Structure formats: C-alpha cells, structure tokens
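Please read these numbers as outputs of a predicted model, since none were measured by experiment. In the text below, chain A, chain B and the rest are named by the order of the sequence lines, each starting its count at 1.
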Amino acid sequence: MAEEGKSLNFIEHIIENDLKEGFSKDELRFRFPPEPNGYLHIGHASSICLNFGLGEKYNAPVNLRFDDTNPAKEEQQFVDAIKRDVEWLGYQWDQERYASDYFEQLYKWAIELIKLGKAYVDSQSSEEIAAQKGTPTSPGQESPYRNRSVEENLELFEQMKNGDFKEGEHVLRAKIDMKASNMLMRDPIMYRILHKPHHRTNNDWCIYPMYDWTHGESDYIEQVSHSFCTLEFAMHRELYDWFLNQVYTPSKVKPKQREFARRNLSHTVVSKRKLLRLVEQGVVNGWDDPRMPTISGLRRRGYTPESIKNFANTIGIAKRDNLIDVSLLEFHAREDLNKKAPRIMGVLNPLKLIITNYPENQEELVEAENNPEEEVLTYREVPFSREIYIEQEDFREEANRKFFRLKLGGEVRLKNAYIIKAEKAVKDEHGNIVEVHCSYDPLSKSGSGTLESQRKVKGTLHWVSIKHAIEVEVREYDRLFTVAEPDRQGDKDFLEFLNPESLKITKGYIEPSVATAKVGDHFQFQRLGYFNIDPDSTKDKLVFNKTVGLRDTWAKLEQ
RNA sequence: UGGCCUAUGGUGUAAUUGGUAACACAGCUGAUUUUGGUUCAGUCGUUCAAGGUUCGAGUCCUUGUAGGCCAACCA
C-alpha cells in the first residue's frame, strides 16, 4: 500500500516508472543480500529498511539471501547474528536463501558458457592475470589460454570441480573484452579453486563462484525484480547485465540493479572490515559492544527498532556522498524512548544530604508518575527518608540566579517529595563538600494539595533514599572516535583517532522499584538520560548502559 | 591519463518532472513545565560556477570546477 502525500526517493521513482510502463505489480520482488562475514551495522539498517520498506509499501515479497560464495571469510555465527538483527528490526523475509543453494545451477550455466565459447579456463597465476588486466587508462592483454578449445576447457573445468588441482592453478574466466573501458569487463574471473569447507556445503565444492557471476544469477533465480546495492557496484552493472543476458529467457523477469550511496555516520566507521579490526584488536568488547554502530551494539546500547527505522527513513536514500551526524541518530533514540521509557530516579555522582528536621527513624512512601507521556497516568511508590543522595552537580555553596538548583540558603523541590532549604555544607579536610544539611517543610509534600505544596520553587532535584537505594553499575559511553571522519584523515589510520574516554564505568544508586527489571528494559533516569539493563547484569548486580543523555540546555549555558 | 557517478541551508533529504525552493535535525528567541526533559510558538539560513534555451530553469543543453568510485582468485 503506497503512502500518500509522501515524497518519493529516486529508487521509488524508478519503481513507479517501471509500473507505469507496464511492469506488473505482482512481479515486484526484493531482496536483502548480506555476506555472512560480520555483523550488520547501521548502514545495513538503511538497506534493510529500504528493501523491506519497499516490500511493505508494494506488498511484495522480500528474500533474505546470504551471499556466501567465499568460505574463507564466512561463518554460521554471522548468519545467526544477521537473522537475529533483521528480525529484531521487525521485518519478516519471504524466503531464506543462500547463494550456495545455487552452486549446482551456476555450475551448469558455466558449462553452457564454455560450450558457447564465452568462458575459458585460464592457467596463469593471479599475478600474471593482474598484469594483463591493464589499467583504467590502458587496455588489457589477452591471456595465452584465451582460445583453448571448448573440449579442453570443459575437461579442465571438470577437473577443477573434482579437486584435481591446487588452489590458484586455474580459474574460469568469462570471455568478454580485454580492451573494455570498464575494467570489470576485461574477462572477469567466474570461478576460483578453494579447498576450504563451506559453512553450508562443507566439502562438496572446491570451486567457488565469484560475486559478479553469482549475484545477478541469484537475483534471476529468485526472480527479484529490483536489486539495490551501494554505489561502488555501479560499474558492476554492465557485467551484471552481461551475465544475466547469457541465461535470460524472455518470459521471465530480468532483475534490474540500481545503486544508492552508502550512509556514513559521523564519529564512527561504517565498514565491516574496519569494525572487524576493532573487534579483533580488542578495542571494543565484541561486535555487540554498545559503542559499536552495529545493530547488535545499538540494541545493547538501548536503541529501539523504531528509533533505528525512523532514523533510516529520515535520512532517506540518494546517490550523493553524505556524512550524517550521530546527533540525528541520538535524536531518534530520545524521541522514541521519551514515549516508552518509564521514569525513575537514580543518582550517579552521589552527595549525601541530611534533612535535619526529619525524624531519625521515619520513612514514608511518596507517589511518583511512571511517565508523564502516558495517556492514562500510572504511579509507583518511592521510599523517602532523612538521608538521601542528590547529584554533586546539583549543589553549590554559592551560585548566580541562573543556577536553578540547590545553594546555601536556597530552596528546591525534591521531585515527588518536599521542598527543602540548604542550611550548611559539611567539608572534609581538603575542603571538599561531603554532606549537605537541609531543613524541609513538612507541609510541602507533593500532591498533598496544601498551599505550601503548591509553592513554586525554581528547581526540582531527583534523589534516592540512601537506606533504600540499590547500588548498580553504570556504563556511560561517548563517541568511539574524536573526529567526525576517522577513516578520512589523510594517510592516518582510523585507529589513531580513538576516543580514550569512550567508556566510563561508575557506581550509581537507584530507587528500589527497578529491582525486578529485566535485561533490555529501558528507563529514563530523570534529569540524566535514557538507560537500559545490560545482559552482563546478575541477580546481585544490575548493570545499566546509558543509551543517550537528555537534551541538556543547562550544559550549553554553562559552556 | 580513461571510464562511470554526484553536486540544493551547518547536516540529511524533498520539490507534483520546466511554474512561489520546502521538511527534519542542529542553532537562536520566547511560553509552559514538580525532569534546565517533553510540548508549544517564533526565528536564522539553501540551488557549485559561467554561459545558453525558455514568458519562466534547482530541474533541459554546453563548458568548467569540486568530490566519490574503478586495475582482490573479496563482496
């Protein structure tokens, strides 16, 4: 079902045009084709949202197809992670396919190409082949094996398949044009010998097809109508079409490849190869480290599927180079979490506050809104007592009028509780404030309806009762890199721009209502930001990840 | 010294296909607020350059300029 009134991106224009020119809507079919050699990242999320979004818009099937033609790099664990991530985003694929499902068909087609004189076995080394390839500005040379007889080619190719040769001894090449301006058309390699077990076909094959030979034919087998990929494949289109034309039957759908620009995110890297380095060198704690721009990392960090999808839809799809600021991603996290995350009180940098006129052994429960954004408000109870923690930043001995928080002689409201007045700051021998003594107005209790409770005081602080607070571990994250484009800093390696302070682990104190929360649950720590519970949590210790802070206009004023 | 692609506010993306350049984020003002959050109102700012076609050009043409991609038995 097409959304109305929404402007179309260039991909949608292409589809609309095809439809207008008579392409049947029933034959629309898309695919998301990851290689299982790493985890999906935010850039893939854009591609997933594009393809599956198109599927939803046109009510067309979308296949999940693993491009698994290189057993040297691909693993089952990545297949599993990819499926988990796509599902988590909320998309359902029509069929789960693997390029390796088509190895037999591809092999048969290759034999046909040989018989037609359109493919040949080259027995040179990869260095020799590369040397003959020419350069972008000069034509290539033909291989001395280019005109082998069909019979010889057939025989050699079969021996390749049977495992009679070592890796690198022979390859199968398409016979196209060594002088083509598009270097991909200079007799591209279709098959190489690889004596490696494949995660699905084990040792059935020792020849493996190359990407170009595989991808378009796989699209064709699945009758994918529109095959979208990133811009670096633009030059491959000519070859994609050439291979397709060798096997195409007019009654069938001929897939159409179109290219869009990959999305770049500031202050990170969006490339599986580079992310792999971060993982392998131990810069981060795995692919799902909350600092990683992987889907798994973002999930663990506390991003919701909706926030990621909204982000992807907002940034759209186009063909020009781009650098999207992470703050836009963070905006979408806040926007979604603001609606969904229950509010709680937690203190990260505790300062002890004693309410001197509150009876020593007294405690009470105060009522707190779970989320002011709820249509029907719900409440919980939070324990209050004489000794509480507030944030260190929320108290100053002296401050100007712009400081809405607690200062000596000044008043603030304790959220959901009483209005207090700071009387005295107790210091240690170094002059650090270790305790604040306050008095409270017993008639000012929140929601009590008294005149005193309705007094307007400028500041409201969050707090926890020391006696009742739960101690938790809090992991706060900052951008992984100190510069916007770490992988575009001249000849310097992107690892030179790591932010040494990307992870800060501290102790926090939170209200007891959270004790029963589960891994993955989201919360807003009031006045601080959004947090969720990390899988590292145990029965005895909750671990929180900070997803993103609240918008903080005070911090801006302070600068 | 070739081929292909791209160029719209600070960022990202649109513009009913030649008809008033807009949406989101960021920024700035103000209002509301028991979160310096949210919400609301307002505001700043845009078509790479030069020619050409046209009543009219972000859109078409020409020439420049800038950036990206292409020489893995990777995808």
Quick check on [X]: does its [atom1] atom have over 12 non-hydrogen neighbours (other residues, nucleotides or ligands) under 6.0 Å away?
X: A/Gln141; atom1: CD; result: no
X: A/Leu557; atom1: CG; result: yes
X: A/Glu75; atom1: CD; result: yes
X: A/Lys421; atom1: NZ; result: no

Please confirm whether the ring centroid of A/Trp554 lies under 6.0 Å from the ring centroid of A/Phe404.
no
For nucleotides 32-41 of chain B, read 5' to 3', which letter fits each nucleotide if B means a protein heavy atom sits under 4.0 Å from the base, S means only the sugar-phosphate is that close, and - means neither?
--BBBBS---
Which letter, B, S or -, goes with each nucleotide of nucleotides 69-75 of chain B from 5' to 3', with contact meaning a protein heavy atom under 4.0 Å?
S-B-BSB
[atom1] atom, [N] versus [M]: distance in rounded Å?
N: B/U32; M: B/A50; atom1: P; answer: 48 Å
N: B/A57; M: B/G45; atom1: C1'; answer: 22 Å
N: B/A22; M: B/G58; atom1: C1'; answer: 12 Å
N: B/A7; M: B/A49; atom1: C1'; answer: 12 Å
N: B/G42; M: B/A24; atom1: P; answer: 12 Å
N: B/U46; M: B/G12; atom1: C1'; answer: 13 Å
N: B/U20; M: B/U47; atom1: C1'; answer: 15 Å
N: B/A21; M: B/G9; atom1: P; answer: 16 Å

Polar atom pairs (N or O), protein with nucleotides 6-13 of chain B, under 3.5 Å:
from	atom 1	to	atom 2	distance (Å)
B/U8	OP2	A/Arg320	NH1	2.5
B/U8	O4	A/Arg320	NH2	2.5
B/U11	O3'	A/Leu323	O	3.3
B/U11	O2'	A/Leu323	O	3.1
B/G12	OP1	A/Leu323	N	3.1
B/G12	O2'	A/Ile315	O	2.9
B/U13	OP1	A/Arg263	NH2	2.9

Looking only at side chains, do A/Glu330 and A/Ser327 share a donor and an acceptor under 3.5 Å apart?
no
Could you tell me if A/Gln132 and A/Ser143 have a donor-acceptor pair between their side chains, going purely by distance under 3.5 Å?
no
Given pairs defined as Watson-Crick or G-U wobble with both distances under 3.5 Å, what dot-bracket annotation applies to RNA chain B, with ( ) intrastrand, [ ] crossing, | other strand and . unpaired?
.((((((..((((.....[..)))).(((((.......)))))....(((((..]....))))))))))).....
Among A/Tyr220, A/Trp213, A/Tyr211, which residue meets the ring pair (Phe, Tyr, Trp, His ring centres under 6.0 Å) test with A/Phe243?
A/Trp213
Regarding B/U38, purine or pyrimidine glycosidic angle vs 90° from 0 gives anti
Figure out the CD/P separation between A/Glu485 and B/G67, and round it to whole Å.
14 Å
Between P of B/C5 and CZ of A/Arg258, the distance in whole Å
11 Å
Applying salt bridge (Lys or Arg N to Asp or Glu O under 4.0 Å) between A/Asp187 and each of A/Arg146, A/Lys175, A/Lys179, report the one that passes.
A/Arg146
With A/Glu127, which residues qualify under salt bridge (Lys or Arg N to Asp or Glu O under 4.0 Å), at least two apart?
none
Check whether any side-chain heavy atom of A/Val347 lies under 4.5 Å from a side-chain heavy atom of A/Ile388, and answer yes or no.
no
Side-chain touch A/Cys229/A/Gln257, heavy atoms, less than 4.5 angstrom:
yes
If you measure from the Lys or Arg side-chain nitrogens to the Asp or Glu carboxylate oxygens, is any gap between A/Arg343 and A/Glu369 under 4.0 Å?
no
Produce the list of close N/O pairs, under 3.5 Å, pairing protein atoms with atoms of nucleotides 17-23 of chain B; give distances to one decimal.
from	atom 1	to	atom 2	distance (Å)
B/U17	O4	A/His13	ND1	2.8

Candidate pair A/Arg186 and A/Asp177, rule salt bridge (Lys or Arg N to Asp or Glu O under 4.0 Å), full reasoning:
CA-CA 5 Å; A/Arg186 325 241 260 227; A/Asp177 178 8; over 6 Å; no
Under 6.0 Å from the six-membered ring centre of A/Trp463 and within 45° of its axis: does the NZ or CZ of A/Lys415 meet both?
no
When you measure from the centre of the six-membered ring of A/Tyr530, is the NZ or CZ of A/Lys546 under 6.0 Å away and within 45° of the axis?
no
Heavy atoms under 4.0 Å, any strand shown: does A/Arg488 hit a base, just sugar-phosphate, or nothing?
sugar-phosphate
Should the ring pair A/His44 and A/Phe32 be called parallel, tilted or perpendicular, given that the plane angle runs from 0 to 90° and is split at 30 and 60?
perpendicular
